[in-house]
Amino acid sequence: MAGSVNKCILVGHLGQDPEVRQSGELTICKFSVATNQRRKGSDGQYVDQVEWHNIVCFERLAQVCDRFLQRGSQVYVEGQIQTDRWETDGVKQHKTFVRAHTVEFLGGKGNDDNQRRQAF
């Protein structure tokens with residue numbers, strides 16, 4: 001197989017309001033998305049397993065997300081997994097996140113019918 005693929009698709013709810021900042025002329029928006037999976041535990045009871053995903057988007061997509069998303073909003077996110085690595089005082093650190101290319105605003109808390117939009 002020639003080449004490789006780095007693609008991530010998530011559907012979940014925002015854990016908090018998006019955070020937007022400017023870095024020079026670049027607009028950056030960060031937010032977290034929770035996804036969950038229901039599993040049967042060893043005792044036979046169902047348990048929800050929640051995973052949190054850090055999402056980062058840039059420029060126009062960042063501005064649209066800041067305007068229309070809020071805690072609890074349901075979203076479809078498509079992007080690629082990216083890891084930043086750095087060293088602080090001799091300690092290697094890293095942070096993995098999804099660099100969003102597409103964010104679709106789905107129904108759910110925080111979005112009424114007039115605010116549903118698709119950003120690209």
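Not measured: the values here are computed from a predicted model.
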Say you draw a straight line from CZ of R67 to CZ of F105; how long is it, rounded to the nearest 0.5 Å?
10.5 Å
CZ (F68) and CD (Q63) are apart, to the nearest 0.5 Å, by 11.5 Å
Side chain to side chain donor-acceptor pair (under 3.5 Å) filter on E51, not counting sequence neighbours, yields Q49
4.5 Å side-chain heavy-atom contact, Q70 and L14
no
Spell out, as yes or no, whether a donor-acceptor pair under 3.5 Å connects the side chain of R39 to the backbone of V47.
no
Please report the interatomic distance CZ(R21) to CG(D66), rounded to the nearest 0.5 Å.
13.0 Å
Please answer: with hydrophobic residues joined when any side-chain heavy atoms are less than 4.5 Å apart, are F58 and V64 in the same cluster?
no
Applying side chain to side chain contact (heavy atoms under 4.5 Å, CB included), can you list everything that pairs with V11, at least two apart in sequence or on another chain?
Q74, Y76, L106
Flag yes if I55 and F97 sit in one hydrophobic cluster, no otherwise; membership is Ile, Leu, Val, Met, Phe, Trp, Tyr, and two members link when side-chain heavy atoms are under 4.5 Å apart.
no
Pair V75-L69, side-chain contact (heavy atoms from CB on, under 4.5 Å): steps then yes or no
CA-CA 9 Å; V75 292; L69 292 179; 3.5 Å; yes
Under a 4.5 Å cut-off applied to non-hydrogen side-chain atoms, are V50 and W52 in contact?
yes
Worked check of side-chain contact (heavy atoms from CB on, under 4.5 Å) between R99 and V56:
CA-CA 5 Å; R99 182 179 180 138; V56 179; 5.6 Å; no
Verdict with supporting geometry, V77 and I9, side-chain contact (heavy atoms from CB on, under 4.5 Å):
CA-CA 6 Å; V77 177; I9 297 173; over 6 Å; no
Residues at least two apart in sequence or cross-chain that pass side chain to side chain donor-acceptor pair (under 3.5 Å) with D43, listed by chain then number, are none
Apart from V20 itself, residues in the same hydrophobic cluster as defined by side-chain heavy atoms under 4.5 Å:
none
May I have the list of side-chain donor-acceptor pairs in residues 82-89 shorter than 3.5 Å, sequence neighbours left out?
residue: T83; atom: OG1; partner: T96; partner atom: OG1; Å: 3.1
residue: W86; atom: NE1; partner: T88; partner atom: OG1; Å: 3.3

Cluster partners of V91, using ILVMFWY side-chain heavy atoms under 4.5 angstrom, listed by chain and number?
none
Any residue meeting salt bridge (Lys or Arg N to Asp or Glu O under 4.0 Å) with R38, in chain and number order, not counting sequence neighbours:
D48
Interatomic spacing from CG in D17 to OG in S73 - rounded to 0.5 Å
8.0 Å
Going by heavy atoms in the side chains, are E104 and T102 under 4.5 Å from each other?
yes
For K7, enumerate each residue passing the side chain to side chain donor-acceptor pair (under 3.5 Å) test, keeping only those at least two apart in sequence or located in another chain.
E78
For residues 22-34, please give each side-chain donor-acceptor pair under 3.5 Å, one per line with the distance, not counting sequence neighbours.
residue: Q22; atom: OE1; partner: T27; partner atom: OG1; Å: 2.7

